[in-house]
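Structure first, then comments.
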Amino acid sequence: MPYTIGIDVGSTAIKVVFTQGTQIDWCDVAPTKPGQQQIVEALIDRGCSALGIGRSQIAKTCASGYGRRLIKGSDTIVDELSANARGAHLLSNGQAELLINIGGQDVKVIKLNNTGGFTDFKMNDKCAAGTGRFFEIAATILDTPLSEFSSLSQAATNTISLNSTCVVFAESEMISLLAEDTPKGDIIKGLHDAVAKRIANMINDTDLNRTLYLDGGGALNQGLLDSFQEHLMCDVYTLPQPQFTVAWGACFF
Ligand code: ADP
């Protein structure tokens, strides 16, 4: 049976998904750099060899994400909001009603309808506060890989209040806290709390009775999800492959 490929050219990461229609059969991610076309081609080659197929078994490709127009030869192009809504609807079995997408350089709150589309969305202002980039900068300052943020914050013992999610101000706050020997886990928990609080301000109170899902690369951080639940005082869910929602959704256009 032929495969469909969904491509998400994000600001920070390029994602590719292969499917025969029912599940993600293969997916992988690579950092976004100049030469997006070659990065996508290399990911597709990797997917073909992992699945033991040739390019002739690819029926259709669909590109999404901010760099979607840079990918030549895609059969279809779809905007990332539509692909995100469709992907989240399908991956959550129709459960997701409000989606918080934490991407590399923006945060979006998307209100979903019950047919895989969206009715409204909000985007953070043009600033890195609360985005994936913010966490990447924090990881460098704290000299700690992002993949450890979740476990370290879950082991935090003290509550630290960070005054700012502005990258510039948060950087000096983090450096001061490190100088005072504050445990890294406590600082990271403080970062998660500050980001959850900031993003929560993008959600109307009336939307809090909707079923909330977190996706995008930021949703790989369970510690951040915990802070959202504590702050919003409601359940927040993640999708099974949260960074691939847009690429998965693109497969269905
Ligand atoms: P975009 O589509 O805008 O390129 P993504 O949705 O791919 O962005 O998310 C990229 C962000 O995901 C990175 O900036 C980083 O903060 C975050 N991220 C990636 N891997 C992890 C991880 N293992 N744990 C926590 N966060 C991660």
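Numbering of ligands and ligand atoms starts at 1, following listing order. Small disclaimer: the values here were computed from a predicted structure and weren't measured. For this chain, numbers begin at 1 and follow the sequence in order.
- Taking only non-hydrogen atoms, the option from Gly132, Gly104, Ala138 nearest to atom 10 (C) of ligand 1 is Gly104.
- A donor and an acceptor atom, one from each side chain of Asn84 and Thr245, are nowhere located under 3.5 Å apart.
- Inclusion of Asn221 in the set of residues having an N or O under 3.5 Å from an N or O of ligand 1 is not warranted.
- From the protein, the heavy atom lying nearest to atom 15 (C) of ligand 1 is Leu146 CD1, 3.5 Å.
- Within the listing of ligand 1, atoms 6 (O) sit less than 4.0 angstrom from a heavy atom of Gly216.
- Checked by atom type, the side-chain pair Ser227/Asp193 shows a donor-acceptor distance below 3.5 Å.
- For ligand 1 and Gly10, the ligand atoms under 4.0 Å from any heavy atom of the residue are 1 (P), 2 (O), 4 (O).
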Going by atom type alone, with no hydrogens or angles, which donor-acceptor pairs under 3.5 Å involve a side-chain atom of residues 40-55 and a protein atom two or more places apart or on another chain?
unit_1 : atom_1 : unit_2 : atom_2 : d
Glu41  : OE1    : Arg55  : NH1    : 2.9
Glu41  : OE1    : Arg55  : NH2    : 2.9
Glu41  : OE2    : Gln37  : NE2    : 3.0
Asp45  : OD1    : Arg55  : NE     : 3.4
Asp45  : OD1    : Arg55  : NH2    : 2.9
Arg46  : NH1    : Asp28  : OD2    : 2.6
Ser49  : OG     : Asp45  : O      : 3.1
Ser49  : OG     : Arg46  : O      : 3.3
Arg55  : NH2    : Glu41  : O      : 3.3

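- Atoms of ligand 1 found under 4.0 Å from any heavy atom of Ala13 (numbered from 1 in listed order, with element): 4 (O), 7 (O).
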Open item on the list: For a side chain to side chain donor-acceptor pair (under 3.5 Å) check, start with the C-alpha distance between Ser64 and Glu80, then their side-chain angles and the critical distance, and finish with the verdict.
Closed with: CA-CA 5 Å; Ser64 188; Glu80 62 262 46; 5.0 Å; no
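- Ligand 1 places these atoms under 4.0 Å from at least one heavy atom of Gln243: 5 (P), 7 (O), 9 (O), 10 (C).
- Note: the hydrophobic cluster containing Val17 does not contain Ile71 (ILVMFWY, side chain heavy atoms under 4.5 Å, direct or indirect links).
- For ligand 1, the polar-atom distance check against Asp8 finds no nitrogen or oxygen pair separated by under 3.5 Å.
- Checked against a 6.0 Å centroid threshold, the rings of Phe135 and His192 count as neighbours.
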Task: Candidate pair Asn101 and Asp215, rule side chain to side chain donor-acceptor pair (under 3.5 Å), full reasoning - done: CA-CA 5 Å; Asn101 177 283; Asp215 79 344; 3.0 Å; yes
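- Nearest protein heavy-atom neighbour of atom 13 (C) of ligand 1: Glu136 OE2, 3.0 Å.
- Shortest contact from atom 26 (N) of ligand 1 to any protein heavy atom: Gly217 O, 3.5 Å.
- The protein heavy atom nearest to atom 20 (N) of ligand 1 is Leu220 CD1, 3.6 Å.
- Residue Lys15 places at least one N or O, backbone or side chain, under 3.5 Å from an N or O of ligand 1.
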